[in-house]
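Reminder, nothing fancy here: chain letters follow the sequence lines and each chain counts from 1. Keep in mind that this is a model prediction, so the values were computed, not measured.
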2 protein chains.
Amino acid sequence: MLPCNTCLIRSRAICGALNGDELAALNAIGRTRVLKAGEPLMWEGAESLVVANVVEGVLKVTKSLDDGREQIVGILCPADFIGRPFSAVSHQSVVALSDARICVFARGAFETFSGSHPQLQTKILERTFSELDLARDWMLLLSRKSASERVATFILEMSHRLVDHGCAGGKGPIDDLRLPFGRRQIADILGMTIETVSRQLTTLKARGLIALP
Amino acid sequence: MLPCNTCLIRSRAICGALNGDELAALNAIGRTRVLKAGEPLMWEGAESLVVANVVEGVLKVTKSLDDGREQIVGILCPADFIGRPFSAVSHQSVVALSDARICVFARGAFETFSGSHPQLQTKILERTFSELDLARDWMLLLSRKSASERVATFILEMSHRLVDHGCAGGKGPIDDLRLPFGRRQIADILGMTIETVSRQLTTLKARGLIALP
DNA sequence: CGTACACTTGAGACCATTCAAACTTGGTGG
DNA sequence: CCACCAAGTTTGAATGGTCTCAAGTGTACG
């Protein structure tokens with residue numbers, strides 16, 4: 001039996017565009033892979049060999065400067081699409097933040113498959129447009145918002161993204177939000193230092209707006 | 001005769017994926033429009049009515065905060081694609097920086113057309129991935145680079161983009177680069193103030209690395 | 001009990017911003 | 001031709017927010 005039949009994120013992922021037969025064909029060129037928290041999947045500058053779907057867990061997409069300065073340019077949740085079709089090299093690294101499970105496909109085989117399945121292409125296109133919107137929202141945050149605005153935006157944004165996708169333990173979006181990020185990751189997402197993140201969180205706590213463990 | 005037949009950017013634009021008949025069909029649902037420098041094409045938050053191709057000129061894509069802080073999140077050159085299919089509202093504004101000429105299509109009609117022309121979808125997908133890469137590169141700049149690094153990156157990047165596309169008057173990429181940006185725009189692209197941009201350019205001039213008019 | 005690691009807190013330095021003024025530039029009309 | 005103005009740009013001094021560096025606190029785990 002096709003593993004896709006029991007896949008919880010199928011309807012939201014790009015696979016949702018495919019019928020039973022097509023799904024079987026796609027499945028034939030892919031395989032499941034499990035990642036431990038911290039484990040890398042692709043490296044910035046390395047050959048772009050695979051694309052994938054996130055089934056479970058959270059991953060980060062990062063870009064770095066030669067001297068080590070790093071920025072998280074994307075967060076991948078279940079049902080999100082990983083990778084860069086039509087490009088020989090990957091321009092970013094992808095690393096698991098929590099334990100994760102993904103469906104990987106060889107890039108070449110996937111490109112061929114998607115080339116003959118327009119509905120799939122359309123789904124990928126929609127997703128890519130959404131990612132672009134997210135990236136541009138983030139550009140505005142990175143360039144123009146103050147430290148406190150960044151942290152506030154971060155908390156709001158993450159409670160939407162993660163709670164919706166069920167990858168942030170906790171019952172209500174406001175009552176208890178458990179994120180798979182340490183201070184280092186938050187800092188890399190918001191373009192600040194861990195000290196500044198910590199200070200802002202402390203300030204929010206002091207003002208009674210949030211509680212910390 | 002189809003205007004497309006004499007279009008200089010056809011091969012690089014998404015239209016390059018279409019043959020003569022298809023081109024005629026696409027042309028039937030579109031029309032040419034001329035924009036003066038400074039003239040807006042779409043507004044952030046307004047209904048997303050049209051998509052378009054840039055034929056000539058340079059446009060900016062911007063996002064703003066309620067209090068007026070603004071960030072340029074994209075620069076559109078000839079052959080670039082404008083607009084956001086599959087979304088009822090536009091999440092950004094588009095304004096002409098120089099006099100420009102574009103091919104506009106009603107969004108709905110264009111979506112229908114592209115839905116039945118997979119090669120066109122593929123072209124749009126490739127373009128959107130490229131835009132995403134650019135946006136993410138810029139995120140790294142906005143979050144981690146210093147003022148002087150930003151200005152240097154800007155000059156290099158623009159000499160690639162604009163000279164290649166022939167929209168920056170001047171003969172050589174290094175000898176004479178005429179950009180359609182004032183200090184205000186540069187500041188909005190780099191996430192800085194006009195004063196800082198000016199100071200950095202003055203410093204570069206003092207070090208003999210660039211000359212200014 | 002002690003070490004390791006992540007997080008918090010503090011003091012000082014620095015870079016970019018802010019506010020203000022002087023300086024170009026191009027266009028207009030006397 | 002020159003005076004004048006508006007808009008854009010450059011320059012200066014002071015301010016302030018974030019970073020840097022350093023020490024402290026807490027918590028998990030052997």
Between D:dC19 (C1') and A:Asp188 (CG): distance, integer Å: 15 Å
Candidates D:dT18, C:dA16, C:dT18 - which lies nearest the side chain of B:Ala147: C:dA16
Distance (rounded to the nearest 0.5 Å) between A:Glu126 CD and B:Thr128 OG1: 11.5 Å
Nearest-angstrom distance from the residue atom CZ of A:Arg183 to P of D:dT25: 19 Å
Set of residues satisfying side chain to side chain donor-acceptor pair (under 3.5 Å) with respect to A:Thr196, sequence neighbours excluded: A:Thr193
Nearest-0.5 Å distance, CD1 of residue A:Ile9 to SG of residue A:Cys15: 6.0 Å
Sub-4.0 Å heavy-atom contacts from residues 196-213 of chain B onto DNA chain C, ordered by number: B:Thr196, B:Arg199
With sequence neighbours excluded, residues passing side-chain contact (heavy atoms from CB on, under 4.5 Å) with B:Lys63: A:Arg136, A:Asp137, A:Leu140, B:Glu44, B:Val73, B:His91, B:Gln92
Length of the CD1-C1' vector between B:Ile194 and C:dC19, whole Å: 12 Å
Side chain of B:Glu195 (C-beta onward), nearest among C:dA16, D:dT20, C:dT18: C:dT18
Separation of atom CZ in A:Arg150 from atom C1' in D:dC19, rounded to whole Å: 12 Å
Between C:dA16 (P) and B:Arg144 (CZ): distance, integer Å: 14 Å
Nearest-Å distance for atom pair CE/C1', residues A:Met192 and C:dT8: 15 Å
Whether B:Arg69 side chain and A:Arg144 backbone form a donor-acceptor pair below 3.5 Å: yes
Would you tabulate the side-chain donor-acceptor contacts of residues 202-213 of chain A under 3.5 Å, counting partners in other chains and residues two or more places apart, or write 'none'?
unit_1, atom_1, unit_2, atom_2, d
A:Thr202, OG1, A:Ser198, O, 2.8
A:Thr203, OG1, A:Arg199, O, 2.9

Terminal helix-axis angle for the helix from C:dC1-D:dG30 to C:dG30-D:dC1, with five pairs defining each axis and rounding to 10 degrees: 20°
Side-chain (A:Trp138) to main-chain (A:Ile189) donor-acceptor, under 3.5 angstrom: yes
Residues forming a side-chain contact (heavy atoms from CB on, under 4.5 Å) with B:Val104, sequence neighbours excluded: B:Arg31, B:Arg33, B:Ala52, B:Ile102
